S.K.: 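My questions all concern the structure below.
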Amino acid sequence: MDLSMLRAKLHRLRVTEADLYYEGSITIDEELLDAAGMLPYEKVQVVNVNNGSRLETYTIPGEAGERTVCLNGPAARLAAPGDEVIVIAYAELTPSEAREHHPRVVHVDENNDVTKTRTLDVTKGTDGALAPDGMEDVLIAEGPQS
């Protein structure tokens with residue numbers, strides 16, 4: 001049995017554009033993708049903090065340094081420039097892989113500049129089982145993106 005685990009997250013990006021007539025996906029500045037360890041064309045979930053919408057799509061790298069976050073195609077109807085979104089990548093891991101896994105979380109400011117990166121640790125509950133109520137976010141590393 002495999003578990004779907006958080007692999008990486010870009011937390012509270014600001015949408016800079018919405019392009020209804022572009023061919024689907026989300027364009028994200030390639031420096032932000034790199035900071036999170038996300039790859040171009042990787043499947044992601046996008047959660048809109050402003051309206052609660054959720055969608056699955058794939059990433060397209062935007063020009064480095066531009067801090068672009070653009071929902072493309074039909075997804076453009078689910079966000080407006082200025083909305084905050086969370087972009088999440090998952091990994092399918094065996095339970096033993098999951099126990100050793102360390103998701104990466106990237107926080108940004110209102111200009112989509114990285115302010116903090118975190119590496120999380122999955123710990124076992126008191127009964128030794130890996131379960132939702134036995135998981136804790138433990139900060140392993142924190143600091144500005146370099």
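From a predicted model like this one, the values you see are computed outputs, not experimental measurements. All heavy atoms count here, side chains included; hydrogens, waters and symmetry mates do not.
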S.K.: How far does CD of E100 sit from NE2 of H102, to the nearest 0.5 angstrom?
M.R.: 6.5 Å

S.K.: Measuring from N112:CG to E110:CD, what's the distance to the nearest 0.5 Å?
M.R.: 9.5 Å

S.K.: Going from CG on L33 to CD1 on I60, what distance comes out if it is rounded to the nearest 0.5 angstrom?
M.R.: 10.5 Å

S.K.: Would you please test T27 and N72 for side-chain hydrogen bond (donor to acceptor under 3.5 Å, both in side chains) and show each step?
M.R.: CA-CA 7 Å; T27 302; N72 300 306; 3.0 Å; yes

S.K.: Using the salt bridge (charged side-chain N to carboxylate O under 4.0 Å, His left out) rule, collect all pairs that involve residues 45-59, keeping only residues at least two apart or in two chains.
M.R.: K43-E56

S.K.: Tell me, please, which residues at least two apart from D2 pass side-chain hydrogen bond (donor to acceptor under 3.5 Å, both in side chains).
M.R.: none

S.K.: Go through it in stages, so that I can follow the logic: the residues are M5 and Y90, the test is side chain to side chain contact (heavy atoms under 4.5 Å, CB included), and I'd like the CA-CA distance, side-chain angles, deciding distance and then a yes or no.
M.R.: CA-CA 5 Å; M5 301 292 292; Y90 298 95; over 6 Å; no

S.K.: When you look at V46 and I86, which way does the side chain to side chain contact (heavy atoms under 4.5 Å, CB included) test go after all the steps?
M.R.: CA-CA 6 Å; V46 180; I86 300 168; over 6 Å; no

S.K.: Taking only distance into account, with no hydrogens and no angle test, what donor-acceptor pairs under 3.5 Å do side-chain atoms of residues 73-80 form with protein atoms, sequence neighbours excluded?
M.R.:
none

S.K.: Evaluate side-chain hydrogen bond (donor to acceptor under 3.5 Å, both in side chains) for D83 paired with N48, printing each intermediate quantity in order.
M.R.: CA-CA 7 Å; D83 282 1; N48 188 318; 3.0 Å; yes

S.K.: Atom CG of L71 and atom CD1 of I28: how far apart are they, to the nearest 0.5 Å?
M.R.: 8.5 Å

S.K.: In terms of side-chain geometry, is the basic nitrogen of R7 or E42 positioned less than 4.0 Å from the acidic oxygen of its partner?
M.R.: yes

